[in-house]
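In what follows, a structure is listed as structure tokens, so that the remarks can point back to it.
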Number of protein chains: 2
Amino acid sequence: MTLQLGTDETLLKALRRDLPAAALSTGPLAAPYATDRSGSHPYGLPLAVVHAANADHVRTTLRHAHALRVPVVPRGAGTGLSGGANAGVGTVVLDLSRMNRILDLDPHDQIAVVEPGVITAELDRAAGEFGLRYAPDPASAAISTVGGNIATNAGGLRCAKYGVTRDAVLGLDAVLADGTPVRTGRRTVKGVTGYDLTALLTGSEGTLAVITAATVRLRPLPEATATVAAYFDTFAEGAEAMAELTAARLEPSMAELLDGPVLGAVDEAQGTDLRSRGGALLLLQCDGRSAAAEAELAVRLLRDRAASVETTSEPVEAERLLSARRLALPSLERLGRVLIEDIAVPRSQLATAVREITVIAGRHDVRIFTFAHAADGNLHPILVLDPASQDIPDAAWQAAGDIFTAALRLGGTLTGEHGVGTLKRRWLADELGPEQHALQQRIKAAFDPHHILNPGKAL
Amino acid sequence: MTLQLGTDETLLKALRRDLPAAALSTGPLAAPYATDRSGSHPYGLPLAVVHAANADHVRTTLRHAHALRVPVVPRGAGTGLSGGANAGVGTVVLDLSRMNRILDLDPHDQIAVVEPGVITAELDRAAGEFGLRYAPDPASAAISTVGGNIATNAGGLRCAKYGVTRDAVLGLDAVLADGTPVRTGRRTVKGVTGYDLTALLTGSEGTLAVITAATVRLRPLPEATATVAAYFDTFAEGAEAMAELTAARLEPSMAELLDGPVLGAVDEAQGTDLRSRGGALLLLQCDGRSAAAEAELAVRLLRDRAASVETTSEPVEAERLLSARRLALPSLERLGRVLIEDIAVPRSQLATAVREITVIAGRHDVRIFTFAHAADGNLHPILVLDPASQDIPDAAWQAAGDIFTAALRLGGTLTGEHGVGTLKRRWLADELGPEQHALQQRIKAAFDPHHILNPGKAL
């Protein structure tokens, strides 16, 4: 007599048979893998977590899940902010954080080949030993993975000059939904054979394939860096000053703009005295052999507009100036539960966008703090919510919706670098339009006809 | 009594009805639109050429062609080198060269919106009036179109520092095979909503959709430029010197390496005396505020390896130094019919690749001249054939095949920037592998289920 097993049991049995015992977590052990850092929660707990140690484990997991039509949620470090790695009841989490080896680092070709679970900052550090760096630097670089960064096409502070994650990825080893391995791209900096699936997979939030290795481009470390900090009376004045720097054809490697409420929150948390110096702080970094000359030009241009300007080429002093940006999010997290938004607008619309965010905050009576990657037009309005409420209140959803609508009206996008995940799906069609939305769904089906890869995310 | 029309006649009748008379060429008037500059020829002449003046003409043409399953070949200026715009019997050429308006050029946002038929150099010139430039600069920039450059993801001389066409394209208006318009991407420099269809369409050689407008990124013109010319005894020594510059973390905006036979051909055509100075010439350009300092460093590094080095920051003198590169192809075209190849290898493999090309030339008794975008590892071996032969001789095909095989063995690609077109299709699967090849065909079907868009190309 054979026991008739349900789908879940059949899958677990197959995974137990074909994977090492240490590669599988079930029951309460799966709980820590159910959510990312978005603050949103799926219904229930995942069926199991597979801690893949190599590409074979990934293939085995997908092969079985595909045969049984069980949803699979790929996961790096779980630091995403849009719910892209949230895993609810009936799903298998494919945890790639143990695939964390740097397989190759070639200083002559200035490339590295890494497993997806390598921590981004560790790759950067390893490249640094050869005078190189991995340019993409999301604020989460110390805790997020290269694979997760690729899945969201993560941005960061250096994007203005060095581009986003997509610009650093040359090729991918990936496994399709049915377990088929493919290798996209190449080890060369140029190449146009076939469609650019490397770029297509970058930013696809685990819905098209699971990345098992990435070939990435490294870049020379800059010879020098110079830092400028300028205070303004209002955020709008800071944004206009940034527009003037852009018009003067300056290309800073970093341009962070913090609003007055953020400065106040940092003061409150850290005992500093930033808010009294102005209603906005613009932090610039210039790098390369002409860093000092560029910083000097920036100071000259900012002097008439700013309440105060200071500059330094000295690393410790630079760190002091930058600490306000670094401490912004932790300081806000002390005030309540944060919902981190992520719109981008054409660079000239930065000041307008912040004015609209202020109006929206008032309309819905929600506290919103904003900082921006100013040279990119990428804003992070941070909604600070009552820590007691488990769910996101309606007023916050409405405020977020109004922010997205404003971004689209200004010619922008509802996510600059964090991804759509689950949180922004309801606005997705507004940005894509029905024809492109349908086309994207056909592309999804070409990769994953049974929709087992991260269903309910991104698209 | 109604006349029973064949498919061709039905289509022509519909196009005559729905398009202005001036938008349609048939018969011998279609002949100039049958080939690109690859030197390959399709069988017969196209059925008709539609000279689209706007996106509606594109939609109308595709709608009718799709309904009748007639192949459509999109065409910019026809300057492609891989047969991608070749149009044989029974096809409709969709000529986009009359859609040549710059619709918007916004110096504050540093973007332009252009129709696909805008000549690349004209966009660059228009941007120049605002102290900006359009960075992608294929050697054909003076005669090729932005749309054609996007279709092939064209490279150029500045790629080493500024990236390829894909890196400059932010969004596209495109029409799908059945006439449905879609708008991909955005006007912002960052954005991750949905799959990156902008990148997917870039380099898809007209097989996925027809581009009717492009939003592109502009960049500041560099403050200064410095040029270095260094002669070496052999190409391999020049390639090794380039590797040393890369290892020293120099990022020239241009690094062109010409072999001895190319120098000899330039001498013969122009009456110069380059070949006597060495067996290879490396031309570097550094740009930005530290251009002179970078050029000085390059000279210092090259001095021990080179037979001679010279440098200048003076534009006329720089032009004189660069003229050898500029005159290379015209000089080779005097010697016979040229077949321009386009492999890329990891940067460290440049010298090895050229050694292999020399062996291959000897093996098949084919004359091959090589120049390279040295900082990218992108080589252009130019096969010079008997001008009398109409077809490409077998020995040339075999030599080309051996070159591609060598490129793949060295970790490279069979096309760095020109595209697959028709000429390289027979080697495509070798690079992609069967699984990725099948996946790419499924993506093609998601865009164009009846395969009417540029069939027989790219994939």
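Since the structure is predicted, the reported quantities are computational estimates derived from the model, not experimental observations. Residue numbers begin at 1 in each chain, while the letters A, B, ... track the order of the sequences.
For B/L350, no part lies under 4.5 angstrom from a heavy atom of chain A. For chain A, no part of B/A174 is nearby; none of its heavy atoms comes within less than 4.5 Å. Of the atoms belonging to B/R425, not a single heavy atom falls under 4.5 Å from chain A. In this structure, the portions of B/R187 lying under 4.5 Å from any heavy atom of chain A include both its backbone and its side chain. Proximity to chain A (any heavy atom under 4.5 Å) is shown, for B/D167, by both the backbone and the side chain. Neither the backbone nor the side chain of B/A243 comes within less than 4.5 Å of any heavy atom of chain A. If you measure heavy-atom distances from A/L201 to chain B, you find no contacts under 4.5 Å at all. For a residue to count as touching a neighbouring chain, one of its non-hydrogen atoms must lie under 4.5 Å from one of that chain's; by this rule A/L297 touches chain B with the side chain only. Interface remark: A/N378 contributes side-chain atoms only to the contact with chain B (heavy atom separation under 4.5 Å). Within the 4.5 angstrom heavy-atom criterion, no atom of B/T198 approaches chain A. Heavy-atom distances place no part of A/L170 under 4.5 Å from chain B, backbone and side chain included. Contacts of B/L414 with chain A are made by both backbone and side-chain atoms, with heavy-atom separations under 4.5 Å. Proximity to chain A is absent for every atom of B/I111, based on heavy atoms less than 4.5 angstrom apart.
Residues A/A446 and B/I443 come closest through the heavy atom pair CB-N, 4.2 Å. Summarising the geometry of A/P181 relative to B/E435, their closest heavy-atom pair is O-CB, 3.7 Å, with the distance given to 0.1 Å. In terms of heavy atoms, A/R249 sits closest to B/F130 at CD-O, 4.4 Å.
Of the listed residues (B/H418, B/R442, B/H437, B/Q440), the one with the most heavy-atom contacts under 4.5 Å to chain A is B/Q440. Most heavy-atom pairs under 4.5 Å with chain A: of the set B/T246, B/T202, B/L197, this distinction falls to B/L197. Across B/T415, B/D196, B/V189, the residue that shares the most heavy-atom pairs under 4.5 angstrom with chain A is B/T415. Of the listed residues (B/R219, B/H108, B/E205), the greatest number of heavy-atom pairs within a distance under 4.5 Å of chain A belongs to B/R219. With chain A as partner, the option from B/G419, B/A247, B/A199, B/P346 having the largest number of non-hydrogen pairs under 4.5 angstrom is B/P346. Here B/R289 is the residue among B/R289, B/E251, B/K424, B/R186 with the most heavy-atom pairs under 4.5 Å with chain A.
Two residues are said to be in side-chain contact when any heavy atoms from C-beta on lie closer than 4.5 Å; B/R166 and A/R166 meet this criterion. Residues B/V192 and A/V164 fail the side-chain proximity criterion, which asks for heavy atoms closer than 4.5 Å.
Side-chain contact, B/T193 with A/E431: a donor N or O sits under 3.5 Å from an acceptor N or O.
Taken to the nearest 0.5 Å, the OG atom of B/S348 stands 10.5 Å off from the CD atom of A/Q110.
Within 6.0 Å of atom CD in B/E244, more than 12 heavy atoms from other residues, nucleotides or ligands are found, so the atom counts as buried in its surroundings.
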Step by step, would you call B/Y195 with A/K444 a side chain to side chain contact (heavy atoms under 4.5 Å, CB included)? CA-CA 9 Å; B/Y195 302 137; A/K444 161 76 174 173; 3.7 Å; yes

Before you tell me yes or no, could you show the steps for A/Q436 and B/R183 under side chain to side chain contact (heavy atoms under 4.5 Å, CB included), namely the whole-Å CA-CA distance, both residues' side-chain angles and the distance that decides it to 0.1 Å? CA-CA 7 Å; A/Q436 195 195 160; B/R183 172 167 288 184; 5.6 Å; no

Begin with the C-alpha distance, continue with both residues' side-chain angles, and end with the deciding distance and a verdict on side chain to side chain contact (heavy atoms under 4.5 Å, CB included) for B/R347 and A/T188. CA-CA 7 Å; B/R347 291 180 267 207; A/T188 60; over 6 Å; no

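Salt-bridge formation is detected for the pair A/D376/B/K190: a Lys NZ or Arg NE/NH1/NH2 atom is positioned less than 4.0 Å from an Asp or Glu carboxylate oxygen.
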